[in-house]
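My questions all concern the structure below.
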Amino acid sequence: MTQWYYQGPRTRGGLLRYSDQCIQAALALKAAFRLAFRQTQGLIQSLLAIMKIDIQVPSYSQLCRRQAHLQAFHTPQKPTDNQVKPIHGIKSLWRG
């Protein structure tokens with residue numbers, strides 16, 4: 001739980017409560033299950049309740065705002081026609 005909350009230096013203005021790893025994990029769940037931000041918040045709250053872990057969950061608005069500033073997380077994109085190619089005509093290595 002030490003990496004759930006932000007541990008860096010404090011600056012003036014809006015203070016960060018949750019670490020980048022926390023936000024990235026939430027956004028990964030959002031992308032994996034194709035959820036909206038509010039649904040992602042509810043999923044994390046449910047998972048933590050099942051595990052009986054008493055920590056705060058980032059709100060949907062915090063997830064939305066912080067998503068724009070994270071460089072490491074990118075949502076998966078649908079493949080285009082030129083990326084997906086059939087594998088017809090490959091000779092089998094199995095000779096039976």
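Note that the coordinates shown come from a computational prediction; the quantities given were computed from them, not determined experimentally.
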Would you call Leu35 and Leu29 a side-chain contact if the rule is heavy atoms closer than 4.5 Å?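 Not touching, per the 4.5 Å side-chain cut-off.
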
Please tell me whether Leu47 and Ile53 are part of a single hydrophobic cluster in this structure, the criterion being side-chain heavy atoms less than 4.5 Å apart.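 Leu47 clusters together with Ile53.
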
| Pairs flagged by side chain to side chain donor-acceptor pair (under 3.5 Å) wherever residues 35-44 is involved - sequence neighbours left out |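 Passing the test, one end in residues 35-44: Arg38-Tyr60.
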
Using the side-chain hydrogen bond (donor to acceptor under 3.5 Å, both in side chains) criterion, which residues pair with Gln56? Sequence neighbours excluded.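 For Gln56, the residues satisfying side-chain hydrogen bond (donor to acceptor under 3.5 Å, both in side chains) (neighbours in sequence not counted) are Arg17.
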
Inset, instruction - Answer yes if Val57 and Met51 sit in the same cluster of Ile, Leu, Val, Met, Phe, Trp and Tyr residues linked by side chain heavy atoms under 4.5 Å apart, and no otherwise. - result: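 Val57 clusters together with Met51.
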
Is the side chain of Arg66 donor-acceptor paired with the backbone N or O of Tyr18 at a distance under 3.5 Å, no angle test?
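Checked: pair present.
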
Reported CD1-to-OG distance for the pair Ile44 and Ser59, which is rounded to 0.5 angstrom: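 Rounded to the nearest 0.5 Å, the CD1-OG separation comes out at 10.5 Å.
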
For this session: Hey, could you give me each pair passing side chain to side chain donor-acceptor pair (under 3.5 Å) that has a residue in residues 43-52? Not counting sequence neighbours.
Result: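 Listed once each, the pairs would be none.
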
Worksheet entry | Side-chain heavy-atom pair Lys30, Leu43 within 4.5 angstrom cut-off |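 Counting from C-beta outward, Lys30 and Leu43 never come under 4.5 Å.
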
